[in-house]
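Each remark here refers to the structure printed beneath this line.
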Amino acid sequence: MTRTLASQALSHKGKKITVVGWLHKKRLLGGLTFINVRDRSGLIQVVIKDNVEVEKLRGMQIGTVLTVEGLVKEEQRAPGGAELHDVKVIVIVPVEDQPPIEIDKPLDHKAENLDTLFEYRPIGLRNMQETAIFKIRGTITRALRDYFYQNEFTEVHTPKLLAAATEGGAEVFKLNYFGKEATLAQSPQFYKQILVGVFERVFEIAPVYRAEPSATTRHMTEYISIDGEMGFINIDDLKEFLSGLLNHVVDEVWKVHADDLKKWNTIKPTLPKDIPSLSMEEIHDLYTKATGANTVGEKDLRPDEEKWICEYAAKNLKSEAVFVTDWPAIDMKFYHKAQDGKPELADRVDLLFRGLEITTGSMRENNHTILVKQLKEMAGGNPEDPGFKYFLMAMQAGMPAHGGFGMGLERLTEKIIGLNNVKEATLFPRDINRLYP
RNA sequence: GGGCUCGUAGUGAAGUGGUUAUCACGCCUCCCUGUCACGGAGGAGAUCGCCGGUUCAAUCCCGGUCGAGCCCGCCA
């Protein structure tokens, strides 16, 4: 027996083929029965007229594993233009319990029902509308990786088990490491900067862990961080790279997944070649004038403000993404660099996309003396601490001007597809309450 | 950490201080030869999250508890 994939059936027109897969749908019309069989390539429609064959499927639920042997007929009325006739059915793995959630119709993604969606995740993912999310996500990951390689980045993997929390900011998970305390990496920050001194350009696509008690539609305790870091650049180079990256990903996804995207009713985002920039101050002014809520002088953007400015940019700047520049230096991390000639501003840029912050990037302080000073003054850190020592070792060994960014893969996927929660774009999400499946 | 909201068949929802808790999808039986969210007839399936209180009577009102969701803070 030679297996033929569902999507290849038409090329075997008039011949007998064998398809292996899962029963995806049964429609009994009396003397005529239609079934759909799903394999990795998609669905094929099978027409069964022989009652003996139909009876083999009595009581068999969606998910039953089948072999179907039959003659390929070109048929305009069939989805995909081909179907199998004169078939012989073999049930390989019978499934007699009905699935707890539907597999052949779109699943409800209302916020209050997401818990059910995840409770039955192993089965619900077989729903092809769910599958589409993760095929698209896979393409997003590949497109990101391709773009990094095209731009001569080296792909790296840095440790996720660390001795102690040093970077500051987010809360970290602690764990017992053979009697010592260890933590899970909340970011590859120090490692990717160290590696700029080695490779000049590096990227990593890997999980990071954050023990923040944030229960929102945009937070998880484990997520995939897309980290890039480049030497010999300035903040404009960084923005240019990010513009190119986002455009490449979007183009690639729409090239490959037109049908899957239609399932989610999403349209291709409007993005100019160079994504426009607005300063923090400009955004506060615009938002305050438009809404009456006074945010002038605030050191960050409110979530509502992020949504609003994205709508503003879509309308007035013909872009569904926007860079936020000129962040106050008061709030910057010790390894960030202040702007030349404007020490009150950080050389930082955030990327907002369809109302959500998907990226934070910045130039890093590459002057060892200033860096040590900032470590002591801004983070209260000790340069001799092993958590900083090795990082500073690299920073003292010849570091050019460099900068980089972190991007949330789930946030990017969510916004490309038009979902409402990062967890919907995650196979098996982890949040404060959820540690399974 | 703070605030708000919600728990009713496998799933999604409606509903009421009082006789047998309603609908859709799914499931089972039967009918149906071009379905593709097939259609038609019938059927099974719910200790109304849990504990306590008020009441002649609670799924409904009150309190607690457990679970979930959303917003804020923070972040990607």
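Residue numbers begin at 1 in each chain, while the letters A, B, ... track the order of the sequences. The shown structure was predicted, so the numbers you read here are calculated from the model rather than taken from an experiment.
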How far does OG of A:Ser243 sit from NE2 of A:His248, to the nearest 0.5 angstrom?
-> 14.5 Å

Mind checking the C1' distance from B:rG7 to B:rG64? Whole angstroms is fine.
-> 16 Å

In the strands shown, is B:rA68 matched to any nucleotide by a Watson-Crick or G-U wobble pair with both distances under 3.5 Å, and which?
-> B:rU5

Base-pairing mate for B:rU55 - Watson-Crick or G-U, with both contacts under 3.5 Å | none

Out of B:rC71, B:rC30, B:rU35, whichever nucleotide has its closest atom nearest the side chain of A:Phe34 = B:rU35

Proximal nucleotide (of B:rC74, B:rC38, B:rG69) relative to the A:His219 side chain = B:rC74

Atom-to-atom span, NZ of A:Lys73 to C1' of B:rU35 - whole angstrom | 16 Å

Nearest-nucleotide pick for A:Glu306, side chain only, options being B:rC70, B:rA68, B:rC75 | B:rC75

A:Pro213 has its side chain closest, among B:rA68, B:rG73, B:rC70, to B:rG73

Could you tell me whether A:Tyr147 and A:Phe241 have their ring centroids closer than 6.0 angstrom?
-> yes

Watson-Crick or G-U wobble mate for B:rG73, both contacts under 3.5 Å = none

On RNA chain B, nearest-nucleotide positions of A:Asn113 versus A:Asp104: which is more 5'?
-> A:Asn113

Give a yes or no on whether a donor-acceptor pair under 3.5 Å exists between the nucleobase atoms of B:rU5, that is its base, and the side chain of A:Glu112.
-> no

Please state how far atom NZ in A:Lys25 lies from atom P in B:rG26, giving the value in whole angstrom units.
-> 6 Å

Under-3.5 Å donor-acceptor pair between A:Ser214 side chain and B:rG73 base | yes

What interatomic distance, in whole Å, is found between C1' of B:rU16 and the corresponding atom of B:rG2?
-> 36 Å

How about A:Val249 and A:Ile416: do any of their side-chain heavy atoms sit closer than 4.5 Å?
-> yes

Assign A:Asn421 to base, sugar-phosphate, or nothing according to its heavy-atom contacts below 4.0 angstrom with the strands shown.
-> sugar-phosphate

State whether A:Arg27 places a side-chain N or O below 4.0 Å from either non-bridging phosphate oxygen (OP1 or OP2) of B:rC38.
-> yes

Scan A:Glu410 against the nucleic acid and name what it touches under 4.0 Å (heavy atoms): base, sugar-phosphate only, or nothing.
-> nothing

Across the strands shown, which category fits A:Glu83 at heavy-atom distances under 4.0 angstrom: base, sugar-phosphate, nothing?
-> base

Would the A:Tyr335 and A:Phe388 ring centres measure less than 6.0 Å apart?
-> no

Just compare B:rG73, B:rG34, B:rC70 and give me whichever is closest to any side-chain atom of A:Arg302.
-> B:rG73

Within the 6.0 Å centroid threshold, strictly below: A:His109 and A:Trp264 | yes

Which nucleotide in the set B:rC74, B:rC36, B:rC72 lies at the smallest distance from any side-chain heavy atom of A:Glu212?
-> B:rC74

Sticking with atom P, work out how far B:rU47 lies from B:rC51, rounded to a whole angstrom.
-> 13 Å

Of all the choices, B:rC28, B:rC72, B:rC75, which nucleotide is nearest to the side chain of A:Pro303 once you look at every atom?
-> B:rC72

For B:rC66 versus B:rG52, give the span between their C1' atoms, rounded off to a whole number of Å.
-> 14 Å

Whole-angstrom distance between B:rC32 and B:rA37, as gauged at atom P | 24 Å

C1' atoms of B:rG15 and B:rC23, separation to the nearest Å | 11 Å

Quickly work out the A:Asn433 CG to B:rG69 P distance and round it to whole Å.
-> 6 Å

When the distance from CG of A:Leu419 to C1' of B:rC70 is rounded to whole Å, what number comes out?
-> 17 Å

What does A:Leu356 touch in the nucleic acid at a heavy-atom separation under 4.0 angstrom: a base, only the sugar-phosphate, or nothing?
-> nothing

Integer-rounded Å distance: B:rU33 P and A:Lys49 NZ | 11 Å

Inspect the contact between A:Glu155 and A:Arg145 and indicate whether a charged nitrogen and a carboxylate oxygen are less than 4.0 angstrom apart.
-> yes

Just to confirm, is there a sub-4.0 Å distance from OP1 or OP2 of B:rA13 to any side-chain nitrogen or oxygen of A:Lys110?
-> yes

From CD of A:Gln45 across to P of B:rA37 the rounded distance in Å is 11 Å

Donor/acceptor link under 3.5 angstrom from A:Thr217 side chain onto base of B:rC70 | no

Are A:Glu320 and A:Arg354 within salt-bridge range, i.e. N to O under 4.0 Å?
-> yes

With P as the reference atom in both, quote the distance from B:rG12 to B:rA57 in angstrom, rounded to an integer.
-> 34 Å

Sugar-phosphate, base or nothing in reach of A:Pro79, heavy atoms under 4.0 Å | base

Reckon A:Thr116 touches a base, only the sugar-phosphate, or nothing at all at heavy-atom distances under 4.0 Å?
-> sugar-phosphate

A:Asn420 or A:Ile101: which one's nearest nucleotide on RNA chain B is closer to the 5' end?
-> A:Ile101

Watson-Crick or G-U counterpart of B:rC32, or none if no pair lies under 3.5 Å | none

A:Arg218 CZ to B:rG69 C1', straight-line distance once rounded to whole Å | 15 Å

Within this structure, what is the CD-to-C1' distance between A:Gln98 and B:rC28, rounded to whole angstrom?
-> 10 Å

Rounding to the closest angstrom, what is the interatomic distance between B:rG10 and B:rG53 at atom P?
-> 28 Å

Phosphate oxygens OP1/OP2 of B:rC30: is one of them under 4.0 Å from a side-chain N or O of A:Arg58?
-> yes

Residue matched to B:rC60 through Watson-Crick or wobble contacts both under 3.5 angstrom = none

Which part of the nucleic acid, if any, lies within reach of A:Leu29 when heavy atoms closer than 4.0 Å are counted: base, sugar-phosphate only, or nothing?
-> base

Under a 3.5 Å limit on both distances, the Watson-Crick or wobble mate of B:rC27 is B:rG43

Report, as yes or no, whether the 6.0 Å neighbourhood of atom NZ on A:Lys174 holds more than 12 heavy atoms from other residues, nucleotides or ligands.
-> no

Using 4.0 Å as the upper bound for N to carboxylate O, is an ion pair formed by A:Glu229 and A:Lys192?
-> yes

B:rG34 base to A:Gln76 side chain: any donor-acceptor pair below 3.5 Å?
-> no

Could you check which of B:rG34, B:rG26, B:rG73 has an atom nearest any side-chain atom of A:Thr216?
-> B:rG73

